[in-house]
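Chain letters run A, B, ... following the sequence lines, proteins first and then strands; every chain starts at 1.
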Amino acid sequence: METRLAPSSPGLPPWLNIGMRVALAVFGAYGFGVLAGAAFVRGLPFASPRDAVAFSLMLGFLLDACAVVWVFAAATVLRAALGLFLPALFLGAWLHFSG
Amino acid sequence: MLPPLRFDQPRPLRLSMAWLHTWTGLLLGWLLFAIFASGSLSFFRSEINFWMHPELHRLRDDARAIAHARRILEREAPDSRQWTITLPGPRDPTLFVAWRVDGASMASSATARAQDRANAPTGGQRRPAHGLRPETRRLALDPSTGEILKLREGSGATFLFRFHFQLHGVGWFIGRWIVGVAAMIMLVALVSGVIIHRNIFKDFFTFRPNKGKRSWLDAHALVGVVSLPFHFAITFSGLLLLGALLMPSVVRSGYSNVPNAPNFTMDIRGGRDRFNLAPPSGKPAALAELAPILDAAQNAWGGEKAGSVVVTNPGDASATVAVIQTHGNSLANRGVARRALFDGATGARLETPIEASPSAIVAVWNALVTLHMGRFATPLQRWLLFLAGVSGTLMIASGLIMWRVSRFKTPGRSEDAPFGYRLVEVLNVSGIAGWLVALGAYFWACRLLPDALAARGDWEVRVFFLAWVVSFVHAAFREHLRAWVEQLRFSGALIALLPLINGLTGGAPLFRSVVAGPWQVAGFDIFALAAGALLLFVARKVHQAEADDSPITDG
Amino acid sequence: MTLPNTLFFALTVAGLCFLSLGVERHAKQVFAKAPPREHRHARSALGAAMLALSLASSVQTSGVSIGVAVFFGTVAVVSIGVALTLAFRPRLLRHLGAVAATVALFAFLAGFFS
């Protein structure tokens, strides 16, 4: 079976494609959720730490699930990864600058 | 068989999600079944625990409970700063008294556990301090005589409850992490399942029986969609309950700038002030009679029954008596029940301090988490929660079975199947029917193991896992449909015979409990009969399919 | 069963019965020949209205949060009942909706006298 090249894909064999997506989903999506949670906790104004943590945990888990769906829905592995890393960069910067 | 999905090629969203849904389901379905099944049963933890103790089935409440409770507390804990009296109620007719032990040393967890197991009448069952929560001791009493009851040692429904969120035998940290990961994957399975479902409204009531894979798909979609709000709420709130464990850095970031920061879990449940008591005035004053106070509260509520009474600083001039209802009236405030406050020395009604309403965020958190724990529920609401859990359990089971049905052209003949397929088959039988065999065996052990057996509770749990392992081995060596029939029959028999075991080992027999109570026992026995009968009915259907290769198991 | 519970349950049963008859496939199962589209739309609308009333009744009895939860839980259980009835005894649904609606009406009226 030959691997058909998609426009921006480096031509991964199917098992590696799936393997990388699984790794992205297991570690990347989780890390994305945690990063988003931490960024919200620090970056958004809340009435109390209790509100901040409760809100951020809820959103963190939701984003984790959405990120997993994204990783497998994205047309290519590259897009899957970029879809996680680019927002993560923004969130990381936000987290860094909100102390 | 379908060619595997190529992720390196363009494909519609539905196919990617179908792949994701199938794999998340296959890898963890058997574990999620156990989590959902044990969780559903845990809604009836009190009732099941009561069934497990036949020595309690004779208890009857005749409205003198509060007087007996007060008498025992004055004798056993005259110097305690807080008494809690749990009155006989719809979940359990036993009268419980507990008291707070301040200044006790923090024993190591092993000693504490051993002491908890030793249920000596004097001294009571000890619940060690945990963080800011003080140590308490608890006694079970006969509500009509005040006699202190020595409860038989056992794991009861508490084993199923703990298994539900931290499994068993791997330590609480790893156990909760595994359950947490399973919950995260369950969330993904739910989301992907909704995405791939076409016509979610048009097919809402669709169920076409006797059509093989189509019927299994209909069943899976039916139990999945009709209680979809519950499946999302329970799965998501399960994650929230484990949130501090699964995303600790988020919690840490939130409290890093707070001096003397409370633990988030404590904070979200109302803060540490819950355990702070008003200081005693130092002036002794006899505690007023509790029965008139109880009546006053119940009259003020228009007949709503009280579930518990909490006396703070008994014997002091600043004593207060709080009478609390049996069930909550809102999810947003953590399902805490309404309370009426009285002066402990005079018995006069005090104004109940207004509890601050939670913020919107905390209200949402509370609503989800309280729904999951079900502590607010009336008996009818509890049955609804239980049935929602059962529908989730059936959703998982039907999904696993559907996978197998759709992959095999000929039912029953799976010798040539790849190892992975055979593994799924064996996990299906032992994960579903086998788990039910283990459950039946566990309940039998809880009633039949001799009282004198040391570490009786541990032996009950061993029986559970032994039965589960045996069912796995059985499923591995039997042909697939035969394994299903035999395990369904065995579990059905074990569970259907539970009322008989109950009657023969000193419990209230069914013909008496349906007429005169206790209703908790009648409910358990009737449900066991119905569940057992259902399992035997299903076994018969599978047997028929096995006999004539009918479409029930055909792809 | 208490009056508010009866009202709520009857409204839920009625609502779901009518909603199911608004779906073409099920209408054909129950009525042997497919009823015209306007009838189906009318049944769907009636069913939705009854479910809305049922939700309101539940919220009135138990408050918003518990009322909504009890509503969804009851809808789940009754829907499975309706689905199984459609699969095995579809003719029963011919009149079940109307019967349940009548029970609801009586329960509602009786509420004024208790």
Could you go step by step and tell me if A:Met20 and A:Leu24 meet the side chain to side chain contact (heavy atoms under 4.5 Å, CB included) rule? CA-CA 6 Å; A:Met20 290 187 71; A:Leu24 273 177; 5.6 Å; no

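- Ranked by heavy-atom pairs under 4.5 Å with chain A, the first of B:Pro358, B:Ser359, B:Ser249 is B:Ser359.
- Proximity of B:Val225 to B:His197: side-chain heavy atoms (C-beta onward) are separated by under 4.5 Å at one or more points.
- In this structure, a donor-acceptor pair under 3.5 Å is present between the side chains of B:Ser16 and B:Arg11.
- In this pair, B:His164 and B:His372 present their aromatic rings tilted. The plane angle is within the 30 to 60° band.
- Residue B:Ile268 touches chain A through both its backbone and its side chain, counting heavy-atom pairs closer than 4.5 Å.
- Only the side chain of A:Phe46 comes within contact range of chain B, with at least one heavy atom under 4.5 Å from a heavy atom of that chain.
- The six-membered or imidazole ring of B:Trp365 lies away from that of B:Phe236, with a centre-to-centre distance of 6.0 Å or more.
- For a residue to count as touching a neighbouring chain, one of its non-hydrogen atoms must lie under 4.5 Å from one of that chain's; by this rule A:Asp64 touches chain B with the side chain only.
- Comparing B:Leu187, B:Val188, B:Val362, B:Leu239 by heavy-atom pairs within less than 4.5 Å of chain A, the highest count is held by B:Leu239.
- Of the atoms belonging to B:Arg252, not a single heavy atom falls under 4.5 Å from chain A.
- When the candidates B:Val191, B:Leu190, B:Leu246, B:Val258 are compared by the number of heavy-atom contacts under 4.5 Å with chain A, B:Leu246 comes out ahead.
- Using a 4.5 Å cut-off between heavy atoms, B:Leu13 contacts chain A through its side chain alone, with no backbone atom that close.
- With a threshold of 4.5 angstrom between heavy atoms, A:Ala65 approaches chain B through its backbone and through its side chain.
- Listed options A:Leu35, A:Val34, A:Leu16, A:Val77 were ranked by heavy-atom pairs under 4.5 angstrom with chain B; first place goes to A:Val34.
- Looking only at side-chain heavy atoms (C-beta outward), B:Phe264 and A:Leu57 come within less than 4.5 Å of each other.
- In this structure, chain B has a heavy atom under 4.5 Å from the backbone of A:Ala74, while its side chain stays farther away.
- Residue A:Ala52 does not touch chain B at all, counting heavy-atom pairs closer than 4.5 Å.
- With a 6.0 Å radius and a threshold of 12 heavy atoms from other residues, nucleotides or ligands, B:Ile174 has its CD1 atom at or below the threshold.
- No side-chain donor-acceptor contact under 3.5 Å links B:Asn263 and B:Tyr255.
- In this structure, B:Arg14 places its CZ atom where more than 12 heavy-atom neighbours from other residues, nucleotides or ligands lie under 6.0 Å away.
- Using a 4.5 Å heavy-atom cutoff, the side chains of A:Val41 and A:Phe55 are not in contact.
- Looking at B:Leu15, there are no atoms closer than 4.5 Å to chain A (heavy atoms on both sides), in backbone or side chain.
- When side chains are defined from C-beta on, B:Pro262 does not count as touching A:Arg50, because their heavy atoms never get closer than 4.5 Å.
- For B:Ser192, no part lies under 4.5 angstrom from a heavy atom of chain A.
- Both the backbone and the side chain of B:Val251 have a heavy atom closer than 4.5 Å to some heavy atom of chain A.
- Within the 4.5 angstrom heavy-atom criterion, only side-chain atoms of B:Trp19, from C-beta onward, approach chain A.
- Using a 4.5 Å cut-off between heavy atoms, B:Met17 contacts chain A through its side chain alone, with no backbone atom that close.
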